[in-house]
Each structure stands twice: as C-alpha cells, then as structure tokens.
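One structure below.
FYI, side chains are in, hydrogens and waters are out, and symmetry mates aren't considered; it's all heavy atoms of this structure.
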Amino acid sequence: MTLLEVSGITAGYGDSRAVTDISLAVDAGQLLALVGANGAGKSTLLRVIAGAHRPTSGIIRYRGADATALRDFQRNRLGISLVPEGRRLFASMTVRDNLLVGAGSRRRGRWSIDSVVEALPMIGPLLGRNASRLSGGQQQAVAIGRALMSNPDVLLLDEV
C-alpha cells in the first residue's frame with residue numbers, strides 16, 4: 001500500500017511558483033531523495049507535504065486519506081515529521097527538552113530519548129546542555145532526534 005501520495009502539487013510564494021505539478025508516491029520502508037539546484041523547490045515541496053506551507057493546487061494523501069487540508073501539527077500526529085532547513089531548535093531549552101518537544105505527538109513507537117541516543121550517540125553527553133551552545137552538526141543531530149521522537153512513518157529531511 002502507498003504510504004504517501006502527492007498528486008499535481010503546485011506551490012509558491014506570492015506570484016512566484018516554487019514547484020509546479022509535482023507528483024510522487026512512497027511506500028512504507030521506501031527511501032526517496034530529491035536532488036536539485038538551489039531554488040528548485042525541494043524545501044517548498046517538503047514543507048507542503050508536512051503541512052507547513054499550503055499548495056495552490058494538488059492533493060496529498062497519507063495512507064489513502066486526503067490530508068491536503070490538515071495543518072502541520074495534525075499531519076505530525078498522523079505520522080509525518082519534518083526536519084526543517086536551519087534546524088529551528090528552541091535555543092533556550094536543553095537538548096533533552098528539545099527532544100521531548102518531538103514526543104508531543106504522543107504517537108507510540110520505538111523512539112524514546114534512550115533509542116535516539118543509541119542511534120545518535122553524540123547526543124548523549126549533550127542532554128543537559130542548552131541548545132544555543134551546540135555546534136551546527138550537534139544541532140542537526142538534535143533536530144533529527146526531535147523528529148524521530150514523534151515516531152513518524154514518514155520522515156522528511158531538508159538539507160541534512
């Protein structure tokens with residue numbers, strides 16, 4: 001069964017189109033990479049799939065159901081999680097607290113702070129550190145860990 005289906009997505013900013021008539025399908029366990037030049041619309045497409053940006057046309061189906069009108073937090077609760085470009089951690093919070101924000105979807109699954117640290121061991125010693133005191137690579141690892149904490153079925157990674 002198709003996990004995620006994107007059909008005829010067009011999106012942009014004001015009068016500028018970033019993506020036009022994009023369609024793709026992803027099955028459970030499948031990996032899909034989007035490759036293109038800067039400004040090609042990769043980030044916009046991921047934001048549209050995650051619900052952080054509204055398309056001007058097209059349909060997004062998740063597990064066969066239309067998810068186009070759902071907001072980003074609703075899609076996250078269903079199982080779609082985005083690691084955005086720029087990481088967007090909560091700088092005044094600790095690494096542990098940033099990870100716990102990801103668990104806000106309350107989805108059951110294998111990801112917990114312990115399993116994230118096991119998968120991304122560099123995070124372990126940083127759990128008590130304020131996120132504003134991390135290097136770029138450490139921030140990226142925490143952002144990925146935060147997304148995993150939502151126990152997603154679809155993990156969207158922008159500019160890994």
Side-chain angles (χ1 to χ4, degrees), residues 1-6 9 11 13 18-19 22 24-54 60-63 65 67 70-160:
M1 174 188 206
T2 301
L3 184 61
L4 175 71
E5 182 182 0
V6 173
I9 291 294
Y13 303 90
V19 294
I22 301 293
L24 59 88
V26 179
D27 294 330
Q30 187 176 5
L31 175 70
L32 174 67
L34 300 173
V35 180
N38 288 342
K42 302 176 301 292
S43 294
T44 299
L45 180 60
L46 293 179
R47 289 176 46 78
V48 166
I49 293 169
H53 188 84
R54 294 275 178 230
I60 298 166
R61 287 186 183 85
Y62 179 70
R63 297 188 178 276
L70 297 179
R71 298 185 57 193
D72 52 357
F73 72 92
Q74 293 169 310
R75 292 185 200 183
N76 183 261
R77 287 179 185 157
L78 287 177
I80 300 172
S81 188
L82 172 66
V83 178
E85 180 180 17
R87 301 170 291 273
R88 299 190 184 149
L89 297 179
F90 295 98
S92 65
M93 294 169 54
T94 65
V95 167
R96 177 183 303 280
D97 289 340
N98 269 276
L99 293 175
L100 289 172
V101 166
S105 70
R106 301 188 192 273
R107 286 177 48 87
R108 295 189 185 270
R110 71 174 278 219
W111 295 104
S112 64
I113 289 179
D114 290 340
S115 59
V116 166
V117 168
E118 185 178 325
L120 302 164
M122 70 183 302
I123 292 177
L126 305 173
L127 289 173
R129 187 179 293 181
N130 189 288
S132 66
R133 299 189 61 227
L134 302 177
S135 71
Q138 291 168 331
Q139 289 178 29
Q140 188 67 32
V142 173
I144 292 169
R146 179 180 61 193
L148 291 173
M149 290 286 292
S150 72
N151 285 292
D153 297 320
V154 174
L155 180 63
L156 305 168
L157 301 168
D158 192 6
E159 299 286 334
V160 178

statement: For N76 and S150, the nearest pair of non-hydrogen atoms, with its separation, is ND2-OG, 3.6 Å

field: Distance-minimising heavy-atom pair for V83 and I144
entry: CG2-CA, 4.0 Å

message: Using modelled atom types and a 3.5 Å cut-off, is there a donor and acceptor pairing between side-chain atoms of K42 and backbone atoms of E159?
response: no

query: Nearest 0.5 Å, what's the OG-CZ distance between S81 and R146?
result: 8.5 Å

task: Looking only at non-hydrogen atoms, find the nearest pair between V116 and I123 and report the distance.
output: CG1-CD1, 4.0 Å

field: Heavy-atom side-chain proximity of L157 to L155 below 4.5 angstrom
entry: yes

message: Less than 4.5 Å apart, side chain to side chain, heavy atoms only: is that true for V154 and L4?
response: yes

Short side-chain to backbone donor-acceptor contact, D97 and M93, under 3.5 Å: no

statement: Nearest heavy-atom contact between A147 and P152 is O-CD, 3.4 Å

query: How long is the gap from CG on L134 to CD on Q140, to the nearest 0.5 Å?
result: 12.0 Å

Close side-chain approach of V19 to V48, heavy-atom, < 4.5 Å: no

- request: Check whether any side-chain heavy atom of D158 sits under 4.5 Å from a side-chain heavy atom of S43, and report yes or no.
  value: yes

- prompt: Got R54 and R71 here, is their nearest side-chain heavy-atom distance under 4.5 Å?
  reply: yes

CE on M122 to OG on S135, rounded to 0.5 Å: 5.5 Å

task: Any pair with a residue in residues 119-131 that passes side chain to side chain donor-acceptor pair (under 3.5 Å), sequence neighbours left out, goes on the list, sorted by first then second residue, please.
output: N130-S132

task: Over all heavy atoms of both residues, which pair between H53 and T44 is shortest? Give the atoms and the distance, please.
output: CD2-CG2, 4.2 Å

- prompt: How many angstroms lie between atom CG of L148 and atom CG of L120, to the nearest 0.5 angstrom?
  reply: 6.5 Å

query: Any chance CZ of F90 has more than 12 other-residue heavy atoms, nucleotides or ligands included, within less than 6.0 Å?
result: no

message: Strictly by salt bridge (charged side-chain N to carboxylate O under 4.0 Å, His left out), give each pair with a member in residues 98-111 just once, sequence neighbours left out.
response: R107-D153

- request: Kindly indicate whether the side chain of L156, heavy atoms from C-beta on, has any atom under 4.5 Å from the side chain of L46.
  value: yes

message: Under the criterion side-chain contact (heavy atoms from CB on, under 4.5 Å), I'd like the reasoning laid out for V26 against T2: C-alpha separation, chi angles, the key distance, then a yes or no.
response: CA-CA 6 Å; V26 179; T2 301; over 6 Å; no

- prompt: Could you state the interatomic distance from CG (L99) to CG (L126), rounded to the nearest 0.5 Å?
  reply: 10.0 Å

message: If you define the side chain from C-beta out and look only at heavy atoms, does anything of I113 sit under 4.5 Å from L100?
response: yes

task: For residues L127 and T94, report the shortest heavy-atom separation together with the two atoms involved.
output: O-CB, 3.6 Å

query: With a cut-off of 6.0 Å (strictly less than), are more than 12 heavy atoms of other residues, nucleotides or ligands near CD of E118?
result: no

statement: Output for pair (D27 CG, L3 CG), nearest 0.5 Å, gives 8.0 Å

query: Looking at side-chain heavy atoms only, is the closest gap between Y62 and E5 below 4.5 Å?
result: no

- prompt: Is there a donor-acceptor pair under 3.5 Å between the side chain of R47 and the backbone N or O of A52?
  reply: yes

